[in-house]
2 protein chains.
Amino acid sequence: MGRGKIVIRRIDNSTSRQVTFSKRRNGIFKKAKELGILCDAEVGLVIFSSTGRLYEYASSSMKSVIDRYGRAKEEQQLVANPNSELKVSLNCDLKSCRS
Amino acid sequence: MGRGKIVIRRIDNSTSRQVTFSKRRNGIFKKAKELGILCDAEVGLVIFSSTGRLYEYASSSMKSVIDRYGRAKEEQQLVANPNSELKVSLNCDLKSCRS
DNA sequence: CGAGCTATATATAACGT
DNA sequence: TACGTTATATATAGCTC
């Protein structure tokens, strides 16, 4: 998206990499916000630059996103590896929640 | 970006919302991957659709991103609220790491 | 440097099937 | 309803200041 087409590989020149990082970081944060609003989704985005600096965006709060992520992952594990008497009822509950 | 300009507000029609969600989700994941590669950044993206389904992308692993996020947040707290004898040495260390 | 400025490359909204 | 298509809106690469 620009004057010339680029190949997606690490930008060697440090200055160019910083400039591109700044521009694209702004772009992806905007996209994340739009997705959250347009589609009523909960979005969490964490980015560490190559210099180690943290940038973040969450449509709600990062804590909320990470907590929910942990719970969702636990559910995935249970469904993939059912090993308790909760299997049947849990599967039913999950399926009924899906669109 | 399309046949018509849209306003960024929640899409009321459920079907349209799902379609837009699917397209934009793909788009933002692509952007996240490109940013990670081009700029040598560590990226973590978590999205919960309005139906509650989880979608995720991490340039490394989500665990790595979340762990690093937690550590970065702790550092931010320490720098913002210095309340220990570690203040001076920690500030020095952090500053020397910045570009 | 960091902040704009276009020309182009991409993403995607509105339609077709 | 889920997939292609394509006209348009956006993002952004390379420059300029």
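We name chains A, B, ... by the order of the sequence lines, and we start the count at 1 in each one.
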> I'd like to compare against my own output: the B/S/- annotation of nucleotides 9-17 of chain C with a strict under-4.0 Å heavy-atom distance to protein.
BSBBBB---
> Starting at atom CZ of Arg17(B), determine the distance to atom P of dA2(D), rounded to an integer number of angstrom.
14 Å
> Mind checking what makes side chain to side chain contact (heavy atoms under 4.5 Å, CB included) contact with Arg3(A), not counting sequence neighbours?
none
> Using whole Å, what does the distance between atom P of nucleotide dT12(D) and atom CZ of Phe29(A) come to?
13 Å
> Going by side chain to side chain contact (heavy atoms under 4.5 Å, CB included), name the residues that satisfy it together with Lys23(B), two or more places apart in sequence or in a different chain.
Val19(B)
> To the nearest Å, give me how far apart CG (Asn13(A)) and C1' (dC1(C)) are.
13 Å
> Looking at residues at least two apart in the chain, or sitting in another chain, which of them share a side chain to side chain contact (heavy atoms under 4.5 Å, CB included) with Gln76(B)?
Leu54(A), Lys73(B)
> Looking at Arg71(A) and Asp67(A), is there a salt bridge between them, counting it only when a charged N and a carboxylate O are closer than 4.0 Å?
no
> Take atom CZ of Phe21(A) and atom P of dT12(D), then tell me their distance rounded to the nearest Å.
13 Å
> Who pairs with Asn26(A) by side chain to side chain contact (heavy atoms under 4.5 Å, CB included), at least two apart in sequence or on another chain?
Ser22(A)
> Quick one: salt bridge (Lys or Arg N to Asp or Glu O under 4.0 Å) pairs with a partner in residues 32-46 of chain B, sequence neighbours left out?
Arg10(A)-Asp40(B), Arg24(A)-Glu34(B), Glu42(B)-Arg68(B)
